[in-house]
Amino acid sequence: MYSHAGQWPANKRITFLAIGLAILLALAGLTAWWTGRSDTGRPDLPSATGAPPATAPAQPPASGTGTVAPPAKISDPLAYGKAAAQVLWTYDTRTTSHTQHLAGLHGWVTPESKYADWPGIQAQIPDPVLWTRMHDNAQHATASVTESRFPSSFKQALAEDPAALSTAYIYFVTVTGKQQISWNGGGAGAEDRSVTLAVQCRPGADCSLVAISPRVLP
C-alpha cells in the first residue's frame, strides 16, 4: 500500500526559497527551520543573492492526465492549498498511468521555473515500477480536506516584514485532511494527512504550486 508520505530527496532543489523568500529566510524562525537539515545530506541554503541554477526543472512527457483533476482556478492561497493537497493525496492507478499522473500534477505547478520545485514534487510520487505494482493491485485513493492555514512562523515573518512577498508572492500553507486508500479484494484504509505547501498567488492571477515542504509547519 502506498500513501503520499514520501521523504524529501537529498538532491531536492530549494532555489525557490533563496529567490522568492530571501527576506523571509533572513528571519530567525524560518531560517532555523529550513537550515536545520544536516542529517538529510542536502546542501546548505544559498545566500539571498545567489543566482538560480542554469537548468530548468525536468518536464514530464506530454500526455493526457487520466483522472487527475485539472488545475484549480483559485486566487486565494488558503483555498488553493486545500485544492492542491486534495489532488496530491488522490490517485487512481486503475485508470491513470504513471506518465499521465505526473503530467496532471505538472499542470498545477507554477510555470516560473526559477521558483518551481518540480523534481521535489515528482519525488513524492511512486516510481514507474511501484506504480505498476499498485496498478496490478487496483490501488486508488481519495481525499477529504478539513483545514488550511498559514503556519505561525510564516505569519510572524510577514508581520515583521509585510513587503517580503512582493517579489515572488509565495505563501506557505499547511493543510490537514484524511486520505482513504482502497485496493483489490475489498482492502481499504484511512490515514490522517498533513502537509505544508508553498504556493504562488500573484495579484490578479490564479495560484499555482511551487513546492512540497519536507516537514509540516504548525
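Keep in mind that this is a model prediction, so the values were computed, not measured. Hydrogens, waters and symmetry mates play no part in the numbers below; they use all other heavy atoms, side chains included.
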Undergrad: Regarding Thr96 and Thr67, is there a side-chain donor-to-acceptor distance under 3.5 Å anywhere?
TA: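 Thr96 vs Thr67: donor-acceptor pair found between side chains.
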Undergrad: Do you know the tightest heavy-atom contact between Trp89 and Ala143?
TA: CB-CB, 3.6 Å
Undergrad: Just verifying a value: how many Å separate Thr95 OG1 and His135 NE2, rounded to the nearest 0.5 Å?
TA: 9.5 Å
Undergrad: Does any non-hydrogen side-chain atom of Leu105 lie less than 4.5 Å from one of Val87?
TA: yes
Undergrad: Do Val173 and Arg149 come within less than 4.5 Å of each other through their side chains, counting heavy atoms only?
TA: no
Undergrad: Report the distance from atom CG of Leu165 to atom CG of Leu158, rounding to the nearest 0.5 Å.
TA: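 With rounding to 0.5 Å, CG (Leu165) is 4.5 Å from CG (Leu158).
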Undergrad: Within the 3.5 Å criterion, strictly below it, is a donor on Gln200 or Tyr171 matched to an acceptor on the partner's side chain?
TA: no
Undergrad: Distance from Cys207 atom SG to Asp76 atom CG, nearest 0.5 Å?
TA: 6.5 Å
Undergrad: Salt bridge or not between Arg202 and Glu112? Use side-chain N to carboxylate O under 4.0 Å.
TA: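 Answer for the salt bridge query: yes.
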Undergrad: Heavy-atom distance under 4.5 Å between the side chains of Leu102 and Ile125, does that happen here?
TA: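 Yes, at least one pair of side-chain atoms sits under 4.5 Å.
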Undergrad: Taking all atoms of both residues into account, what is the closest heavy-atom pair of Val175 and Gly81, and its distance?
TA: CG2-O, 3.5 Å
Undergrad: Measure the spacing between CD of Gln179 and CD of Gln86 and express it to the nearest 0.5 Å.
TA: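 It is 11.0 Å, given to the nearest 0.5 Å.
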Undergrad: Give, for atom CD1 of Ile170 and atom OG1 of Thr110, the distance between the pair rounded to the nearest 0.5 Å.
TA: 7.5 Å
Undergrad: If we only count heavy atoms from C-beta on, is the Tyr169 to Tyr115 side-chain gap below 4.5 Å?
TA: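 Contact flag for Tyr169/Tyr115 side chains = no.
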Undergrad: Can you pull the salt bridge (Lys or Arg N to Asp or Glu O under 4.0 Å) pairs that have at least one residue in residues 88-101, sequence neighbours excluded?
TA: Asp92-Arg94
Undergrad: What pair of heavy atoms forms the shortest contact from Lys73 to Asp206, and how long is it?
TA: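 Closest pair (atom of Lys73, atom of Asp206, distance): CD-OD2, 3.2 Å.
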Undergrad: Could you work out, with ring-ring contact (aromatic ring centres under 6.0 Å, His included) as the rule, every residue matching His98, not counting sequence neighbours?
TA: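 ring-ring contact (aromatic ring centres under 6.0 Å, His included) list for His98, sorted by chain: Trp131.
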Undergrad: Report yes if some heavy atom in the side chain of Leu88 is under 4.5 Å from a heavy atom in the side chain of Leu197; otherwise report no.
TA: yes
Undergrad: Show the nearest heavy-atom pair for residues Gly107 and Pro71, with the distance to one decimal.
TA: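 Answer, listing the atom of Gly107 first, then Pro71: O-CG, 3.1 Å.
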Undergrad: Could you report the tightest heavy-atom contact between Thr146 and Lys82, atom names first, then the distance?
TA: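 So the two residues come closest at O-NZ, 4.4 Å.
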Undergrad: Looking only at heavy atoms, what is the nearest atom pair of Val216 and Ser194, with distance?
TA: CG2-O, 3.5 Å
Undergrad: Taking only residues two or more places apart in sequence or in another chain, which ones pass side-chain contact (heavy atoms from CB on, under 4.5 Å) with Pro151?
TA: Ser153, Phe154, Phe172, Thr174, Thr196, Leu217
Undergrad: State, yes or no, whether a side-chain contact exists between Ile121 and Val109 at a heavy-atom distance under 4.5 Å.
TA: yes
Undergrad: So, Thr93 side chain and Met134 main chain: donor-acceptor pair closer than 3.5 Å or not?
TA: yes
Undergrad: Could you tell me whether a side-chain N or O of Asp127 sits under 3.5 Å from a main-chain N or O of Val129, the two making a donor and an acceptor?
TA: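 Indeed, once roles are kept as given, a pair shorter than 3.5 Å links the two residues.
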Undergrad: With rounding to the nearest 0.5 angstrom, report the CD1 to CG distance, Ile212 to Asp117.
TA: 8.5 Å
